[in-house]
Amino acid sequence: GILKRSINPKYRMFVCRVEHDNTGLMIPLNRGIPKIYNLETHNRMMKSRKGHVCVYTFTKDKEIIFHHYEPVDCTNPDAKLFIVRYLKWEAKFYSPLGIVVGVLPAGNSVENGMKILNIEHYVSPKFKEETTNEIDRYFHSSYQIPDTAYENRLDCTDKITFTVDPPGAEDLDDALSLEMVHGGKFMIGVHIADVSYFVKKDSYLDTEAKSRGVTFYPVGEKPVHMIPARLATDLCSLQPNKDRLTLSLFITVNQEGTIEKLQTKRSVIRSKYKLTYHDVEDILKGSESWEDKPNLVTNVFLLHRFAQWWRKKRLGNLGLYQQFDLEASQTPEAHLMVEEIMINANHLVAELLLQKFNSVPLRNQLNPNDLEMDSWRVNHANAAVNCLALKSPYLPLGSLCRCQGVCICVPPPADDEKPVALSLEVVEKLKKAVIAGDPDEIRRIVLDPLQHPDQAVALVRLWQIQE
């Protein structure tokens, strides 16, 4: 259930188009929202019937006052969109009541489309005045982390620590390190920016951060941060060669990657390298440009090896298949390394929290419809037989495919002699990969269900059922 809404329904705003025959009725772009009546007096209602929309504003005392009439072109009424703020919905009315508080051009460009999305998803580039005042008061431009902040923190400033993020990223909130310890073991460090030092409970900063909930990354634009940039991209960003406060998880493993010890510490780090995913991919491919940094190269290779072992243990044979978006597909091994280390760190921290608090919040999705899943298993067995990514629905909950040789996880379909369809485009990709001598690319093409028609249809249908 809902414990507390991040946005009070009284302050919800919706982007709407106008009803063609009644400019006093607003139709939200979000189809899950009913039509909304715009607040009108009798005189203004007569005006709206002549192709105008009543637009309102708020005074400093938050009183609603009429602002102006916005004309609507009857030959192209959808050329303008209207920002509508919800007021109330009484039981005796068929639709809710609201007021138009703004006008937007139709979303016929990226810029206009982003304005619409920002309103629909409550993304505000500007922080509240109380929040910015709090930042200016406590974390002004000349602020330095005081010496007292270093007390009772583990000094990790001498460790080879590095961040891995997309190019141009400034909000660097996690870093990695690795060092050899006694007995030929390794200690992996996962360091997370300690935002709690700067954001005090129930402060204006804390209240607005909870309301925002996430940092929003619009395509081609600067991020809209959950906390002001002074913290997000500076004091709480693990920039290279700067002391930063962190919460660290230290994972001691043997040479086979088996976890033997865990420690959590408040710490101070000084990142040595700001790497991109392309940098890590180049290192893993043996690029000569990193030969002058042998310690970093060794650490990246070892972390990647541990990540591969953890992935295989977590997913079984499915670990061979990687599903990435377009950007990540250019640097698959770098993303695998970071993703798997972070998944494992989150899992380990969750176990520590359970030991201490007995229960912790868990986010998961509902089980898919049983009838739909049964139908899917029957209809797509031919595709699943030859696809690692489609085997999980045939296995008992919590089980993994670890078959060696011929897989027996999927019952043989009735027409198991049906040939596997390959597109000409995939055949050409495979030829290029063979000529280039790139076994990793061959594996990715063969294992990716979206490269094969029958498997792609089955996977998309599975996604639909699981939504």
Side-chain angles (χ1 to χ4, degrees), residues 5-41 43-90 93-129 131-132 208 211-214 216-226:
R5 296 183 185 274
S6 62
I7 301 293
N8 189 322
K10 289 175 60 178
Y11 305 130
R12 285 283 301 267
M13 291 194 290
F14 304 96
V15 178
C16 304
R17 55 188 178 86
V18 69
E19 177 81 52
H20 292 186
D21 300 326
N22 180 3
T23 54
L25 190 59
M26 300 291 130
I27 306 173
L29 299 184
N30 182 344
R31 296 184 179 182
I33 306 299
K35 296 179 181 180
I36 304 173
Y37 283 113
N38 188 22
L39 178 66
E40 295 175 328
T41 63
N43 291 336
R44 290 177 187 147
M45 189 180 299
M46 300 304 295
K47 183 79 173 178
S48 69
R49 288 177 180 173
K50 297 179 181 179
H52 292 76
V53 171
C54 297
V55 180
Y56 298 84
T57 189
F58 288 90
T59 67
K60 290 183 178 180
D61 296 327
K62 299 183 179 180
E63 293 182 353
I64 300 171
I65 59 172
F66 174 75
H67 189 267
H68 72 279
Y69 291 108
E70 182 70 25
V72 176
D73 183 354
C74 62
T75 64
N76 187 17
D78 293 336
K80 294 179 180 178
L81 297 173
F82 298 89
I83 304 170
V84 180
R85 176 166 167 176
Y86 168 83
L87 288 181
K88 62 180 179 178
W89 193 352
E90 296 185 356
F93 291 112
Y94 182 75
S95 296
L97 182 67
I99 54 170
V100 173
V101 295
V103 184
L104 292 172
N108 49 12
S109 68
V110 173
E111 182 181 2
N112 291 339
M114 290 306 302
K115 289 179 181 177
I116 294 169
L117 289 173
N118 286 347
I119 294 170
E120 284 287 303
H121 296 280
Y122 332 118
V123 179
S124 175
K126 294 183 179 180
F127 284 84
K128 295 178 180 178
E129 184 178 355
T131 303
T132 55
E208 184 157 6
S211 175
R212 288 172 175 257
V214 296
F216 180 58
Y217 295 91
V219 177
E221 297 183 23
K222 290 185 176 180
V224 180
H225 296 289
M226 187 169 64

Side-chain contact, heavy-atom cut-off 4.5 Å: [X] with [Y]?
X      : Y      : value
Ile119 : Leu104 : yes
Lys115 : Val15  : no
Val84  : Pro28  : no
Leu25  : Tyr37  : yes

| request: Show the numbers, then the answer: is there a side-chain contact (heavy atoms from CB on, under 4.5 Å) between Val18 and Met26? | output: CA-CA 5 Å; Val18 69; Met26 300 291 130; 3.7 Å; yes

Closest heavy-atom pair and its distance - [X], [Y]:
X     : Y     : answer
Tyr86 : Phe14 : CB-CE1, 4.2 Å
Gly98 : Ile36 : N-CG2, 3.5 Å
Pro77 : Cys74 : CD-O, 3.7 Å

Counting only N and O atoms by type, is there a donor-acceptor contact under 3.5 Å from the side chain of [X] to the main-chain atoms of [Y]?
X      : Y      : value
Asn112 : Pro105 : no
Lys80  : Pro71  : yes
Glu208 : Lys128 : yes

Atom pair [atom1]/[atom2] of [X] and [Y] - distance to nearest 0.5 Å:
X      : Y      : atom1 : atom2 : answer
Tyr69  : Thr23  : OH    : OG1   : 10.5 Å
Met226 : Phe127 : CE    : CZ    : 9.0 Å
Phe82  : Cys54  : CZ    : SG    : 10.5 Å
Tyr122 : Ser124 : OH    : OG    : 13.5 Å
Ile116 : Leu81  : CD1   : CG    : 5.0 Å

| said: Applying side chain to side chain contact (heavy atoms under 4.5 Å, CB included), can you list everything that pairs with Lys62, at least two apart in sequence or on another chain? | reply: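 With sequence neighbours excluded, Lys62 shows a side chain to side chain contact (heavy atoms under 4.5 Å, CB included) to no residue whatsoever.
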
| task | Report the residues that fulfil side chain to side chain contact (heavy atoms under 4.5 Å, CB included) with Phe58, sequence neighbours left out, ordered by chain and then residue number. | result |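 Checked Phe58 against side chain to side chain contact (heavy atoms under 4.5 Å, CB included); matches are Ile64, Arg85, Ile99, Val101.
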
| request: List the steps, then state whether side-chain contact (heavy atoms from CB on, under 4.5 Å) holds for Glu120 with Asn30. | output: CA-CA 8 Å; Glu120 284 287 303; Asn30 182 344; 3.6 Å; yes

| said: Could you check whether atom CE of Met114 has more than 12 heavy atoms from other residues, nucleotides or ligands sitting under 6.0 Å from it? | reply: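 Enclosed: over 12 neighbouring heavy atoms sit under 6.0 Å from CE of Met114.
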
| message | side-chain contact (heavy atoms from CB on, under 4.5 Å) for Lys88 and Phe93? Distances and angles first, verdict last. | response | CA-CA 10 Å; Lys88 62 180 179 178; Phe93 291 112; 5.9 Å; no

| request: Mind running side-chain contact (heavy atoms from CB on, under 4.5 Å) on Thr57 and His68 for me, showing each step along the way? | output: CA-CA 9 Å; Thr57 189; His68 72 279; over 6 Å; no

| said: Filter on salt bridge (Lys or Arg N to Asp or Glu O under 4.0 Å), then keep only pairs touching residues 11-21, sequence neighbours left out; what's left? | reply: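 The answer is Glu19-Lys35.
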
